[in-house]
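Here is the structure we will look at.
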Amino acid sequence: MTAGVNFQRIWQTIALIPAGKVASYGQIADLAGLPGRARLVGKALGQVPDGMQLPWYRVLRSNGQLAFPKGSEQAKQQTGLLQEDNIVVFNNRVKLKEFKWQPDLAEILWKLTF
DNA sequence: GGTGTGACAACAA
DNA sequence: TTTGTTGCCACAC
């Protein structure tokens, strides 16, 4: 197993998040076939190659809170991007009950082609 | 090949 | 609801 393939799977999984929905780090990890490796997802996002178009802003913490501190530029930008996707961000948070992505496993497996 | 690290999750108060 | 602590383990150096 070459190191780095997991990152690719993570990126692919994130790319599958539909507009108007969000997913948690743990969820991404799980779908990518890496249960419990939520932190790896975070690291993968920090290693995203320049030029790769990835809806990183649709990835939140398990409780719906943004991954960044409220005052940070990243948080502001993420908030803006989410709002463009018709997702309501309130006080650095998203209502998971409404916007959490309900993954279609069959489709995921189809697209990831394990 | 040991050490430090991390855009986290779960639990406790 | 928020903050602090702990566990987790692949990855980069």
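Just so we're on the same page: letters track the sequence lines, and every chain starts at 1.
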Do side-chain atoms of [X] reach the backbone of [Y] as a donor and acceptor pair under 3.5 angstrom?
{"X": "N63(A)", "Y": "Q65(A)", "answer": "yes"}
{"X": "Q78(A)", "Y": "F68(A)", "answer": "no"}
{"X": "R37(A)", "Y": "P35(A)", "answer": "yes"}

**OP:** Quick one: label G26(A) by what it contacts on the DNA or RNA (base, sugar-phosphate, nothing), any heavy atom closer than 4.0 Å.
**Re:**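 If one applies the 4.0 Å heavy-atom cut-off, G26(A) turns out to touch the sugar-phosphate alone, with no base involved.
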Could you tell me the separation between the [atom1] atom of [X] and the [atom2] atom of [N], rounded to a whole number of Å?
{"X": "Q27(A)", "N": "dC8(B)", "atom1": "CD", "atom2": "P", "value": "16 Å"}
{"X": "R37(A)", "N": "dC11(C)", "atom1": "CZ", "atom2": "P", "value": "10 Å"}
{"X": "K43(A)", "N": "dC9(C)", "atom1": "NZ", "atom2": "C1'", "value": "9 Å"}
{"X": "Q47(A)", "N": "dC13(C)", "atom1": "CD", "atom2": "C1'", "value": "12 Å"}
{"X": "R93(A)", "N": "dT1(C)", "atom1": "CZ", "atom2": "P", "value": "5 Å"}
{"X": "N92(A)", "N": "dT1(C)", "atom1": "CG", "atom2": "P", "value": "14 Å"}
{"X": "W56(A)", "N": "dC8(B)", "atom1": "CH2", "atom2": "C1'", "value": "17 Å"}
{"X": "K70(A)", "N": "dT1(C)", "atom1": "NZ", "atom2": "P", "value": "14 Å"}

Original post:
What's the closest nucleotide to the N91(A) side chain, out of dT2(C), dC11(C), dA7(B)?
Top reply: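 From the listed options, dT2(C) comes nearest.
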Subject >> Nearest to side-chain heavy atoms of F68(A), which nucleotide of dA7(B), dA9(B), dC11(C) >> reply: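 The nucleotide sitting nearest to the side chain is dA7(B).
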Original post:
What distance do L82(A) atom CG and Q77(A) atom CD have between them, rounded to the nearest 0.5 Å?
Top reply: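 Interatomic distance, L82(A) CG to Q77(A) CD, rounded to 0.5 Å: 10.5 Å.
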**OP:** To the nearest 0.5 angstrom, please state how far the OG1 atom of T13(A) sits from the CD atom of Q8(A).
**Re:**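 Between atom OG1 of T13(A) and atom CD of Q8(A) there are 11.0 Å.
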Original post:
Does N63(A) make a side-chain N or O approach to OP1 or OP2 of dA9(B) shorter than 4.0 Å?
Top reply: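 So the side-chain polar atoms of N63(A) never come under 4.0 Å of the phosphate oxygens OP1 or OP2 of dA9(B).
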Subject >> Nearest-nucleotide comparison on DNA chain C, the residue closer to the 5′ end among G36(A) and Q65(A) >> reply: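 It is Q65(A) whose nearest nucleotide is closer to the 5' end.
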**OP:** Go ahead and name the base partner of dA7(B); Watson-Crick or wobble counts if both distances stay under 3.5 Å, otherwise write none.
**Re:**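 Answer to the pairing question: none, since dA7(B) forms no Watson-Crick or G-U pair.
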**OP:** Ignoring hydrogens and angles, answer whether the base of dG7(C) and the side-chain atoms of R39(A) contain a donor-acceptor pair closer than 3.5 Å.
**Re:**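 Yes, the side chain and the base share a sub-3.5 Å donor-acceptor pair.
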Original post:
Under the 3.5 Å rule, do the base of dA9(B) and the side chain of Y25(A) count as making a donor-acceptor pair?
Top reply: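 For Y25(A), whose side chain was compared with the base of dA9(B), there is no donor-acceptor pair (under 3.5 Å).
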